[in-house]
Number of protein chains: 2
Amino acid sequence: MARLAGVSQATVSLVLGARKQGVAISEETRQKVLDAVRALGYVPDPAASRLAAARNNLLGVFSFTSTFPTDVQHSYYPFLVGVEQEAAARGFDLVLFTGSSTGGAGAAGPQALNRVRLADGCLFLGRHAPADELLRLVADGFPVVHLGRRDELEGLAWVGADYISASRTVVARLAALGHRNIVLVREDDDAPASTDREHGFLKGLEEAGLSGGPAAVFRSADPRRELTAERLRGWLDEGVTAFVAEETDTGDAWRALCDAARDAGVDCPRDASLALLGSPPPDLAGDPVPTGFDVPRPQLGAAAVRLLAALVAGEEATEPLVACAFRTGATAGPAPGHP
Amino acid sequence: MARLAGVSQATVSLVLGARKQGVAISEETRQKVLDAVRALGYVPDPAASRLAAARNNLLGVFSFTSTFPTDVQHSYYPFLVGVEQEAAARGFDLVLFTGSSTGGAGAAGPQALNRVRLADGCLFLGRHAPADELLRLVADGFPVVHLGRRDELEGLAWVGADYISASRTVVARLAALGHRNIVLVREDDDAPASTDREHGFLKGLEEAGLSGGPAAVFRSADPRRELTAERLRGWLDEGVTAFVAEETDTGDAWRALCDAARDAGVDCPRDASLALLGSPPPDLAGDPVPTGFDVPRPQLGAAAVRLLAALVAGEEATEPLVACAFRTGATAGPAPGHP
DNA sequence: GCGCATTACTAATACGCATTAGCGATCCGG
DNA sequence: CCGGATCGCTAATGCGTATTAGTAATGCGC
């Protein structure tokens with residue numbers, strides 16, 4: 001023990017603790033301690049520190065699928081970039097839990113989620129975590145943050161992207177370019193991510209003083225089949241000059257829109273504008289870059305960590321929505337006949 | 001505390017400890033405890049476990065740079081796939097320690113690595129971890145495994161890819177295709193990964209009964225500039241029929257080789273064969289797929305975890321080298337004039 | 001019915017640090 | 001020269017677990 005070497009005892013703790021506590025230490029003693037520490041090569045045992053501090057500086061990251069899936073496409077990587085940075089900045093280390101693995105013993109029984117309690121709090125990715133277990137944690141006062149909108153679970157803290165504002169902005173941009181007749185192509189999905197976009201779209205129309213009737217939204221379970229070149233031509237003949245697609249897992253809405261436009265012989269930025277409410281699938285990422293918005297995944301991860309840190313610290317902070325960044329892209333231009 | 005809920009106290013420890021100690025527990029009590037544990041969602045505090053000189057089923061993963069870099073190219077992702085799988089299979093959870101973060105305070109003092117002692121053992125990625133700190137951990141008996149060859153540090157356990165055998169195999173394949181005159185293009189780097197490849201290359205030549213003089217190795221600090229089409233032509237005129245490039249961070253050796261071959265008007269698999277000792281940079285990954293070998297990164301990660309688990313268990317196991325998989329590819333074919 | 005073994009548990013302790021109350025010394029105003 | 005305040009440090013306690021020593025209860029042989 002360093003205390004024996006130096007002259008003191010748990011004064012060491014005060015010196016090394018660097019707390020801004022009210023306890024005063026003379027410079028002389030401080031140096032004596034530091035010298036002894038150096039001489040002995042003393043290093044504080046983190047286990048003891050964390051035990052004494054009743055706080056182990058660990059944040060859990062729980063994903064039902066593996067955190068590092070073999071299929072990189074479908075990974076949480078972009079979120080984790082932000083999660084790691086923010087956690088590091090706040091002095092937290094991350095514990096990775098995966099639904100498939102969790103439980104040491106192997107069996108991912110109903111106990112699976114309990115293991116996260118060894119951390120100070122836990123971040124949940126993906127919507128596969130069983131709701132009742134999640135709520136149990138929350139009810140027990142364990143700090144939990146869900147990455148992705150989770151309105152339906154009372155009391156569960158979450159952070160999500162602000163699809164409504166982002167979609168509204170896209171429509172506003174199109175309107176500013178002179179488009180007075182815009183159609184939204186969406187898939188047949190009632191996920192919040194999907195309905196939010198429609199909300200934002202309609203809100204954007206309204207704010208621009210445009211017609212937002214049901215005809216403005218084309219909803220299809222299989223857009224790649226149903227969104228044909230003829231249909232597109234029909235819209236164009238009716239005076240539609242811009243088309244907006246929602247982002248989905250498969251990117252089908254956007255793909256269908258692009259294909260239809262090509263098949264119909266439409267010169268994209270000139271004859272009609274296209275926009276994507278989100279990010280394109282990798283194979284359609286460039287050439288041309290879709291006009292639309294990007295979900296700032298790293299920032300989402302960071303925001304989630306901030307929220308979680310606040311909860312761990314006993315604060316009541318809320319920071320649910322993160323703004324998306326508008327992506328100018330190259331698929332939208334002035335409406336035909338617009339200055 | 002679970003003890004209050006159940007009926008007992010630190011009997012809990014005995015039940016959960018699953019130690020094959022001589023202390024007997026009746027099946028009835030054991031069940032009572034387990035039920036209480038389940039009801040409360042009790043999880044042993046990892047810090048307390050460690051402090052009491054026991055395991056907590058946590059393995060650390062320490063990377064000096066962030067584990068999830070913004071620049072995905074240079075990421076540890078492929079390794080972590082294997083690390084996560086193997087750790088899960090063995091009932092360990094992973095703790096991510098990021099070097100950059102260390103200390104929240106910002107200054108990554110000499111204590112940087114110390115946090116990892118909270119876990120049962122720790123895996124180190126990248127060669128930026130300070131050697132003295134690493135050796136300190138080793139000296140203290142803390143289980144440490146370095147992912148990537150680390151011969152120079154006495155006593156440090158590591159796992160690495162067997163570049164020697166893999167490179168030898170590539171040469172053997174080329175020899176089997178009738179190539180009698182092969183040149184290795186390497187960069188001016190003395191990293192083990194680089195010298196190992198040269199070793200394997202020369203060994204392969206030797207075993208094939210080919211000349212392995214210094215002329216067989218072309219070493220350049222800037223191959224993209226120095227490996228010109230003329231130089232390539234020169235070699236071809238001297239009877240060289242196959243070229244082998246080492247893999248580097250930038251992929252410059254391979255890139256230079258491909259460019260030179262193209263500029264010289266060489267029809268790749270027919271006029272001359274090319275092979276790459278490793279994986280190509282992403283932009284050269286396909287069309288044609290380079291003949292060579294793949295570093296089995298996930299397997300490397302898994303092997304590292306196995307080794308670490310062995311160390312944690314107090315065994316002396318060694319499993320340093322992992323075999324690489326030969327990649328047939330499309331850039332190598334029979335030597336001109338070979339059946 | 002008395003020692004001795006065995007079984008099934010519990011009380012007590014150690015682990016290494018953070019934190020708090022408290023103690024002696026010095027200082028300062030009156 | 002005295003009471004109170006401030007400074008600088010230390011003794012003591014608690015964090016939650018694993019482990020060891022020890023105790024009560026039961027069984028068994030003679």
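In what follows, every chain begins at residue 1, and chains take the letters A, B, ... in the order their sequences are listed. For clarity, every value in this text was computed on a predicted model and none was experimentally measured.
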Trainee: Rounded off to whole Å, could you give me the CD-to-P distance for the A/E27 and D/dC7 pair?
Mentor: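 Atom CD in A/E27 sits about 16 Å away from atom P in D/dC7.
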Trainee: May I ask you to say what A/I25 touches in the nucleic acid, namely base, sugar-phosphate or nothing, with a heavy-atom cut-off under 4.0 Å?
Mentor: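 Touches sugar-phosphate only.
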Trainee: Quick check: on DNA chain C, is the nucleotide nearest B/E28 upstream (toward 5') of the one nearest B/A52, or the reverse? Name the residue that is more 5'.
Mentor: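 Its nearest nucleotide lies further toward 5', so the answer is B/E28.
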Trainee: Atom CZ of B/R115 to atom C1' of C/dC17: distance rounded to whole Å?
Mentor: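 The answer, rounded to whole Å, is 18 Å.
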Trainee: Quickly work out the A/Q31 CD to D/dG8 C1' distance and round it to whole Å.
Mentor: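 Spelled out: CD on A/Q31 to C1' on D/dG8 is 16 Å.
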Trainee: Where the side chain of A/L51 is concerned, which of C/dG16, C/dC9, D/dT17 is the nearest nucleotide?
Mentor: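 Ranking C/dG16, C/dC9, D/dT17 by closest atom to the A/L51 side chain puts C/dG16 first.
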Trainee: Could you tell me the separation between the CG atom of A/L14 and the P atom of D/dA11, rounded to a whole number of Å?
Mentor: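 Between P of D/dA11 and CG of A/L14: 13 Å.
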Trainee: So if I take every side-chain heavy atom of B/S26 and compare against C/dG16, C/dA8, C/dT19, which nucleotide ends up nearest?
Mentor: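 Of all the options, the side chain of B/S26 is nearest to C/dA8.
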Trainee: To the side chain of A/S13, which of C/dA18, C/dG16, D/dG16 is closest?
Mentor: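 Among C/dA18, C/dG16, D/dG16, the one nearest the side chain of A/S13 is C/dA18.
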Trainee: Please state how far atom CZ in B/R30 lies from atom P in C/dC9, giving the value in whole angstrom units.
Mentor: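 Going from B/R30 (CZ) to C/dC9 (P), I get 11 Å.
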Trainee: OP1 or OP2 of C/dT10 less than 4.0 angstrom from a side-chain nitrogen or oxygen of B/T11, does that happen here?
Mentor: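 For C/dT10, OP1 or OP2 has a side-chain N or O of B/T11 closer than 4.0 Å.
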Trainee: When the distance from CZ of B/R117 to C1' of C/dC17 is rounded to whole Å, what number comes out?
Mentor: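 Going from CZ in B/R117 over to C1' in C/dC17 covers 14 Å.
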Trainee: Please report the distance, rounded to the nearest Å, between CZ in A/R50 and P in D/dT17.
Mentor: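 Rounded to the whole Å, the gap is 17 Å.
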Trainee: Going by the rule ring pair (Phe, Tyr, Trp, His ring centres under 6.0 Å), which residues pair with A/Y163 if we only count those two or more places apart in sequence or in a different chain?
Mentor: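 A/Y163 satisfies ring pair (Phe, Tyr, Trp, His ring centres under 6.0 Å) with no residue once adjacent residues are dropped.
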Trainee: State which of D/dA18, C/dG16, C/dC9 makes the closest approach to the side chain of A/D45.
Mentor: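 The nucleotide sitting nearest to the side chain is C/dG16.
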Trainee: Can you check salt bridge (Lys or Arg N to Asp or Glu O under 4.0 Å) on B/R150 and B/E152, steps first, answer last?
Mentor: CA-CA 6 Å; B/R150 208 72 196 256; B/E152 78 279 16; 2.8 Å; yes
Trainee: Is A/F124 close to A/L137 at the side-chain level, that is, under 4.5 Å between some pair of heavy atoms?
Mentor: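 Yes, close enough: below the 4.5 Å cut-off.
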Trainee: Does the distance from a Lys or Arg side-chain N to an Asp or Glu carboxylate O, for B/R117 and A/D45, drop under 4.0 Å?
Mentor: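 No salt bridge links B/R117 with A/D45.
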Trainee: Could you tell me which residues satisfy salt bridge (Lys or Arg N to Asp or Glu O under 4.0 Å) with B/D196, sequence neighbours excluded, listed by chain and number?
Mentor: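 With sequence neighbours excluded, B/D196 shows a salt bridge (Lys or Arg N to Asp or Glu O under 4.0 Å) to B/R149, given in chain and number order.
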Trainee: Atom CG of B/L118 to atom P of C/dG16: distance rounded to whole Å?
Mentor: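 For the pair B/L118 CG and C/dG16 P, the rounded distance is 15 Å.
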